[in-house]
Q: 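Just passing along the structure, written as structure tokens.
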Amino acid sequence: RRFWGWLNAVFNKVDYERIQSVGPDRAASEWLLRCGALVRYQGYQKWQQDYNGLPTGPLGKYKIEAINATDSCIMYRGFDYLDGLEHVTEIKLQKCIYIQDECLQRLSETKNLQKSLLQLKIISCGNVTDKGIIALHKLTNLEYLYLSDLPGIRQKETTVRILQQALPNLELELDLE
């Protein structure tokens with residue numbers, strides 16, 4: 001088990017030179033696919049899941065619009081890849097064992113995501129607590145938030161109230177015990 005944690009940490013290591021040379025969307029795509037996530041590009045319906053099948057073309061042609069991190073090994077140390085993404089409108093974090101409050105805090109502090117992110121789904125991420133969900137209040141353009149199977153959420157009513165006060169236009173859908 002320790003070996004897999006180490007390997008996943010290697011997969012999440014940020015290569016800043018790579019971001020410079022191929023652009024933020026390509027570098028983030030490589031990171032996400034390496035970690036088992038899927039990406040969808042602006043203007044395309046199909047989800048990209050094959051690392052070796054990443055589209056080529058002029059630098060900056062493919063802009064990430066959606067991220068589906070179901071069962072992926074993305075972790076905090078890779079989140080610097082998100083900084084340069086300007087077109088991400090939706091993110092799904094499902095069964096992500098390395099996602100914890102610090103990740104959600106980092107997500108909500110990412111300037112470009114504060115502008116672009118409209119939909120966020122957090123499902124079956126066992127290390128997420130009320131603190132992480134409350135941190136999402138900085139995602140000021142968020143229109144839809146779906147929360148399901150999050151055993152770390154202990155003060156559901158308080159957390160929901162804080163979020164709704166901070167984001168009055170947010171549609172919040174809960175499937176929590």
Side-chain angles (χ1 to χ4, degrees), residues 1-42 44 47-129 131-142 145 152:
R1 189 178 264 293
R2 190 173 297 143
F3 170 75
W4 293 112
W6 171 83
L7 186 63
N8 291 332
V10 170
F11 282 163
N12 278 277
K13 189 175 186 312
V14 178
D15 184 344
Y16 298 99
E17 287 177 20
R18 185 76 181 149
I19 295 171
Q20 286 300 108
S21 65
V22 300
D25 288 273
R26 173 66 189 215
S29 295
E30 292 171 356
W31 165 60
L32 289 161
L33 293 180
R34 233 185 358 254
C35 291
L38 310 176
V39 295
R40 195 179 68 231
Y41 298 108
Q42 221 175 23
Y44 294 85
W47 286 91
Q48 182 67 42
Q49 57 189 13
D50 179 14
Y51 182 89
N52 295 318
L54 273 168
T56 55
L59 206 59
K61 178 181 179 190
Y62 295 93
K63 303 288 185 189
I64 297 175
E65 180 177 63
I67 297 168
N68 180 343
T70 300
D71 287 318
S72 74
C73 69
I74 64 169
M75 60 178 62
Y76 184 87
R77 73 181 299 182
F79 273 46
D80 283 5
Y81 280 112
L82 300 174
D83 289 340
L85 303 181
E86 298 178 1
H87 303 88
V88 176
T89 59
E90 59 185 86
I91 296 176
K92 180 179 183 180
L93 302 171
Q94 182 171 355
K95 296 182 189 167
C96 299
I97 61 171
Y98 299 110
I99 294 295
Q100 72 254 37
D101 295 341
E102 293 77 18
C103 298
L104 298 182
Q105 199 162 346
R106 174 72 171 81
L107 198 74
S108 71
E109 290 168 356
T110 303
K111 294 288 180 225
N112 285 327
L113 292 179
Q114 288 175 350
K115 294 181 197 131
S116 70
L117 193 62
L118 303 175
Q119 289 186 27
L120 179 59
K121 296 177 182 175
I122 305 170
I123 305 159
S124 304
C125 295
N127 296 318
V128 169
T129 71
K131 181 183 170 201
I133 299 303
I134 290 169
L136 299 173
H137 77 277
K138 293 180 181 172
L139 294 170
T140 51
N141 285 328
L142 198 63
L145 177 62

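Quick caveat, the model's predicted, so the values are computed rather than measured.
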Q: Taking all atoms of both residues into account, what is the closest heavy-atom pair of C125 and C96, and its distance?
A: SG-N, 3.8 Å
Q: Are D80 and Y16 side-chain neighbours, meaning at least one heavy-atom pair lies under 4.5 Å?
A: yes
Q: Test T70 against N68 for side chain to side chain donor-acceptor pair (under 3.5 Å), laying out the working first.
A: CA-CA 6 Å; T70 300; N68 180 343; 2.6 Å; yes
Q: For T129, does its backbone N or O pair with a side-chain atom of D101 as donor and acceptor, under 3.5 Å?
A: yes
Q: For a 4.5 angstrom cut-off between non-hydrogen side-chain atoms, does I74 reach I67?
A: no
Q: Is there a side-chain contact between L136 and I122 (heavy atoms, below 4.5 Å)?
A: yes
Q: Please report the interatomic distance CZ(F11) to OG(S72), rounded to the nearest 0.5 Å.
A: 12.0 Å
Q: Walk me through it: do Y41 and E65 pass the test side-chain contact (heavy atoms from CB on, under 4.5 Å)?
A: CA-CA 5 Å; Y41 298 108; E65 180 177 63; over 6 Å; no
Q: What heavy-atom pair brings A69 and L93 nearest, and what distance separates the two atoms?
A: CB-CD2, 3.9 Å
Q: To the closest 0.5 Å, what do you measure between CD (Q105) and OH (Y76)?
A: 8.0 Å
Q: Give me the atom names and distance for the closest heavy-atom approach of K92 to I123.
A: CE-CD1, 4.0 Å
Q: On a heavy-atom basis, which atom in I99 and which in F79 lie closest, and how many Å separate them?
A: CD1-CZ, 3.8 Å
Q: Quick one: does Q114's side chain have a donor or acceptor within less than 3.5 Å of a partner on S108's backbone?
A: yes
Q: Answer yes or no: is there a donor N or O on one side and an acceptor on the other, between the side chain of R26 and the main chain of P55, under 3.5 Å?
A: yes
Q: Determine yes or no for a side-chain-to-main-chain donor-acceptor pair under 3.5 angstrom, with N127 supplying the side chain and I97 the backbone.
A: yes
Q: With rounding to the nearest 0.5 angstrom, report the OG to OH distance, S29 to Y81.
A: 11.0 Å
Q: Begin from the C-alpha positions of Q48 and L33 and carry the test side-chain contact (heavy atoms from CB on, under 4.5 Å) through to its verdict.
A: CA-CA 8 Å; Q48 182 67 42; L33 293 180; 3.8 Å; yes
Q: Can you establish whether the number of heavy atoms outside Q49 located under 6.0 Å from its atom CD is more than 12?
A: no
Q: Backbone N or O of C73 within a donor-acceptor pair of the N12 side chain at under 3.5 Å?
A: yes
Q: Nearest 0.5 Å, what's the NZ-NZ distance between K111 and K115?
A: 8.5 Å
Q: Using a 3.5 Å distance criterion without hydrogens, assess whether the side chain of S116 forms a donor-acceptor pair with backbone atoms of T89.
A: no
Q: Is there a side-chain contact between V39 and D25, using heavy atoms and a 4.5 Å cut-off?
A: no
Q: What are the two closest non-hydrogen atoms of L85 and P24, and how far apart are they?
A: CD2-O, 3.6 Å
Q: Would R18 and E30 count as a side-chain contact (heavy atoms from CB on, under 4.5 Å) here? Give the steps.
A: CA-CA 10 Å; R18 185 76 181 149; E30 292 171 356; 2.6 Å; yes
Q: Show your reasoning for whether side-chain contact (heavy atoms from CB on, under 4.5 Å) applies to L107 and I91.
A: CA-CA 10 Å; L107 198 74; I91 296 176; 4.0 Å; yes
Q: N141 and L118: which non-hydrogen atoms are nearest, and at how many Å?
A: O-CD2, 3.5 Å
Q: Strictly below 4.0 Å, N to O, side chains only: are R40 and E90 in salt-bridge contact?
A: yes
Q: Is any NZ, NE, NH1 or NH2 atom of the basic residue among K63 and E86 found under 4.0 Å from an Asp or Glu carboxylate oxygen of the other?
A: no
Q: Could you state the interatomic distance from CD (E102) to CE (M75), rounded to the nearest 0.5 Å?
A: 13.0 Å
Q: Look at R106 together with D83 and state whether they make a salt bridge at an N to O cut-off of under 4.0 Å.
A: yes
